[in-house]
Amino acid sequence: MEIEIDRRAFIASLGGVLAAKAMDHESRADALEDYAIEQLDQVVAEQQGQQERFPTVAELEAQIETRPTRRGVGGLFVARQGNVRRLPPMPAKPTLKDFFELRFAPANHVLQSATRALKTGMSEQIILACLLHDVVQSLIKVDHGWWGAQLFEPYVPDKTTFAIRYHQALRFYPDEAAGYKYPDLYHRTFGVDYVPPPHIEQTYQMVRKHKWYMEPRLVTVNDLYAFDRTAVVSLDPFIDIIGRHFKQPKEGLGNDNSPVAHMWRTIANPDAPL
Ligand SMILES: [Fe+2]
Ligand SMILES: [Fe+2]
C-alpha cells in the first residue's frame with residue numbers, strides 16, 4: 001500500500017523547517033520512515049470495515065532474493081538510499097549519550113517509547129528499558145531482544161536487562177488486560193499467517209509465569225510508533241535516570257574489557273573491514 005506523505009505535516013513533526021534542515025540525510029530518511037509507519041497505521045485505523053491486505057509469510061519470503069541485503073542486517077551497516085555516509089568520529093571515552101547522538105540517532109522510536117513510559121509513571125528500570133530496548137538494531141535486528149540485553153547487561157539493573165531480553169518474544173503475544181494488542185505492524189512485517197519459532201514460544205511460556213513478567217510486558221505496552229505524532233523527543237529528560245542506573249565505565253564503552261566491549265566497538269566503528 002502506498003502512503004502519500006503530507007510534506008508540511010511531516011516537517012512540522014520534525015519540529016519545523018529549520019529542525020528538518022539541520023538533520024542529515026539519513027536521519028531525515030529514518031524520520032520519514034517512522035512517519036510513514038505512523039501514517040499507515042492511521043490510514044488503516046480510519047479504514048474501518050475496509051481491511052488492509054497483509055502479506056503472507058510466503059510472499060515475504062519471495063522478496064528475499066529481490067534485495068542486496070538481508071532483513072536482519074543492522075541499520076548502521078546498510079544505506080536506506082544510495083550509499084552509506086561517513087560517520088562522525090567518536091570521543092576517546094564514549095558514553096551512552098555519545099552513542100545515542102553519534103550512532104543511534106535519531107532514535108525516535110526508543111525516545112518516544114521512553115517518553116511515554118515517563119509520562120505514564122513507569123518505574124525507572126522500565127523507563128530505562130524502554131529507552132534502550134531497540135537500539136541494538138543498529139548492530140543487528142535478528143533476535144534483537146537477546147542481543148540488546150547482552151549489550152547492556154554489564155551496565156544496567158537486572159530488571160532492565162530482563163525487560164529488554166524478553167520484550168521481543170512478548171510482542172507476539174497479546175495481553176489485553178495489560179493493554180497490549182497484537183500489532184498490525186507485525187502482520188505487515190512477519191506476514192499474516194506467521195507463527196513464532198519454538199524459541200520464542202518457549203520463552204513466552206517461561207516469562208508468562210515469571211515473577212518479573214510485567215517488566216518486559218510494560219516495554220511492549222510502551223512499544224508504540226504513533227502515540228503522539230507531534231512529540232519532539234530528546235534524551236534530556238532521561239539524563240538523570242541514566243546517571244542513576246547506567247554504570248558508565250570510566251574508560252568509555254568499548255574500552256572497558258567487559259565481555260561486550262567488542263559489541264560497542266563494532267557500533268562505534270562499523271567501517272572496520274575485519
Ligand atoms: Fe523490539
Ligand atoms: Fe520497539
Side-chain angles (χ1 to χ4, degrees), residues 27 30-41 70-77 96 99-100 103-120 122 125-153 156 159-175 178-191 194 196-197 199-201 203-204 207-208 212-229 231 233-235 238 241 263 267:
S27 306
D30 274 348
L32 186 59
E33 185 175 289
D34 290 346
Y35 188 77
I37 289 170
E38 289 176 17
Q39 292 295 300
L40 185 57
D41 285 345
R70 300 194 186 277
R71 290 178 88 197
V73 71
L76 271 175
F77 292 85
L96 181 62
F99 274 92
F100 260 87
R103 292 296 181 272
F104 303 148
N108 276 322
H109 167 60
V110 290
L111 288 170
Q112 288 228 2
S113 174
T115 301
R116 187 181 188 279
L118 188 66
K119 282 184 181 158
T120 54
M122 302 283 133
Q125 288 94 331
I126 291 295
I127 295 169
L128 186 61
C130 289
L131 184 67
L132 305 179
H133 79 279
D134 279 344
V135 297
V136 83
Q137 291 188 33
S138 301
L139 178 63
I140 186 162
K141 294 184 176 168
V142 184
D143 263 338
H144 72 284
W146 279 272
W147 283 97
Q150 188 176 2
L151 181 68
F152 289 110
E153 193 155 26
V156 301
K159 279 187 180 171
T160 300
T161 304
F162 189 91
I164 296 171
R165 179 166 291 127
Y166 297 124
H167 88 277
Q168 177 199 338
L170 263 50
R171 287 280 262 150
F172 295 99
Y173 300 90
D175 181 346
Y180 180 74
K181 288 199 192 98
Y182 190 87
D184 276 353
L185 179 68
Y186 274 31
H187 283 138
R188 256 172 248 135
T189 304
F190 292 93
Y194 181 74
H199 78 282
I200 294 290
E201 170 71 23
T203 297
Y204 168 67
V207 177
R208 189 77 191 83
W212 286 356
Y213 167 68
M214 282 311 284
E215 309 293 321
R217 176 50 77 202
L218 288 171
V219 173
T220 69
V221 169
N222 288 285
D223 203 349
L224 301 175
Y225 294 86
F227 81 92
D228 180 0
R229 67 187 55 250
V233 284
S234 92
L235 194 62
F238 309 107
I241 291 175
M263 293 168 73
I267 297 169

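Counting starts at 1 for both ligands and their atoms, following the listed order. Only a predicted model underlies this, so the values are computations on that prediction, with no experimental measurement involved.
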Could you state the interatomic distance from CG (Leu132) to CZ (Phe100), rounded to the nearest 0.5 Å?
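So the CG of Leu132 and the CZ of Phe100 are separated by 5.5 Å.
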Nearest 0.5 Å, what's the CE-CG distance between Met214 and Leu170?
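Nearest 0.5 Å value for the CE-CG distance: 9.5 Å.
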Of the N, O or S atoms in Asp134, the one nearest the Fe ion (ligand 1)
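When I compare the N, O and S atoms of Asp134, OD1 is nearest to the Fe ion (ligand 1).
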Under 3.5 Å, is there a donor-acceptor pair between the side chain of Thr160 and the main chain of Gln125?
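Yes, Thr160 side chain to Gln125 backbone: donor-acceptor pair under 3.5 Å.
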To 10 degrees, how wide is the angle NE2 (His167) to the Fe ion (ligand 1) to NE2 (His144)?
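Answer comes to 90°, rounded to 10°.
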For the Fe ion (ligand 2), what is the closest N, O or S atom on Asp223?
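Nearest N/O/S atom: OD1.
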Can you classify the ring geometry of His133 versus His167 as parallel (below 30°), tilted (30 to 60°) or perpendicular (above 60°)?
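The arrangement is perpendicular - the two ring planes meet at more than 60°.
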